[in-house]
Amino acid sequence: MSGHIPAATAGELTASPARRAELAANLAEVRARIDAACAEAGREPGEVRLVAVTKTFPASDAAALAGLGQLDLGENRDQEAAPKAAALRAAGIGATWHYIGQLQRNKAKSVAAYAGLVQSVDRPQLVKALADAAGRLGREPLGVLLQLSLDGDTERGGVAGADLDALVDSVTSRPELALRGVMAVAPLGWAPDKAFEQVAALSERVRRTVPEAVEISAGMSGDFTRAIVFGATLVRIGAILLGSRSDLG
Ligand SMILES: *Cc1c(COP(=O)(O)O)cnc(C)c1O
């Protein structure tokens with residue numbers, strides 16, 4: 001299970017010059033589009049943080065992005081994220097890892113060891129597993145976002161509105177965790193505005209209980225400009241930064 005992770009060599013972590021140039025150009029363009037969306041929405045660019053979603057791409061891409069100053073990196077599978085995080089750490093790269101995928105309780109211990117923010121917390125059993133793991137690691141409180149299910153189809157992850165208040169209580173009852181806000185994916189077939197308006201309202205509801213839970217993680221490659229209009233503080237962007245993925249990751 002906790003497989004031996006070979007120390008990364010410098011070679012494995014070095015993207016080709018062409019790839020580095022491509023990532024630099026994509027990153028500059030994405031940052032410019034975020035700034036433009038902020039300007040249009042009357043917000044300060046510093047209010048929106050970019051999370052580069054490196055899933056399915058090699059650790060060398062993650063390292064290249066970090067070298068360009070893009071230190072917030074997102075992953076959705078522990079099997080892939082754990083070795084990537086270990087490789088960057090071994091190379092002395094201090095990235096912040098955002099865990100954005102569905103999470104099974106038996107992976108909580110692994111994720112709590114490298115994640116700076118777990119964005120996909122959606123049920124009390126997972127709260128308990130993460131809090132127990134963070135406590136055993138003796139780490140600083142593990143930041144969490146509550147993943148919202150906007151259409152009530154919780155099969156794909158997320159907490160339904162009716163269960164949100166109880167989930168907030170379960171997180172705030174655990175000092176090993178720090179509730180930072182909410183996360184959502186716009187449901188397939190929904191107009192982005194309808195989704196992000198609902199996210200804003202649910203964020204406000206959480207902040208009535210936990211005022212410091214100000215983060216709103218919303219928006220991906222196809223819809224982040226609309227998410228910024230509705231208050232997103234974190235946008236999770238993969239495809240337009242790293243390229244299209246061959247799988248459905
Ligand atoms: C893959 C993924 C993203 C990034 O999506 P892109 O369309 O590649 O920008 C964002 N959020 C979650 C939860 C994801 O799984």
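Below, all heavy atoms of this structure are taken into account, side chains as well, without hydrogens, waters or symmetry copies. As the structure lists them, so they are numbered: ligands from 1, and atoms in each ligand from 1. Starting from 1, each residue takes its place in the sequence as its number.
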Should Glu22 and Arg19 count as an ion pair when the cut-off is N to O under 4.0 Å? yes
I want to check something: taking the side chain as every heavy atom from C-beta on, are Arg33 and Ile240 in contact at a cut-off of under 4.5 Å? yes
Heavy-atom donor-acceptor pair, Gln147 side chain to Gln102 backbone, under 3.5 Å: no
N/O of Ala239 under 3.5 Å from N/O of ligand 1, yes or no? yes
For Glu155, which residues count as a side-chain contact (heavy atoms from CB on, under 4.5 Å) partner, sequence neighbours excluded? Asp153
Side chain to side chain donor-acceptor pair (under 3.5 Å) partners of residues 213-222, not counting sequence neighbours, each pair once: Gln119-Ser217, Glu215-Thr233, Ser217-Arg236
Numbered in order shown, the ligand 1 atoms found under 4.0 Å of a heavy atom of Lys55 are 1 (C), 2 (C), 3 (C), 14 (C), 15 (O)
Side chain or backbone of Arg245 under 4.0 Å from ligand 1, or both, or neither, by non-hydrogen atoms? side chain
Counting each atom of ligand 1 from 1 as listed, which ones have a heavy atom of Gly238 under 4.0 Å away? 4 (C), 6 (P), 8 (O), 9 (O)
With nothing but distance in play, are any N or O atoms of Ile237 less than 3.5 Å from an N or O of ligand 1? no
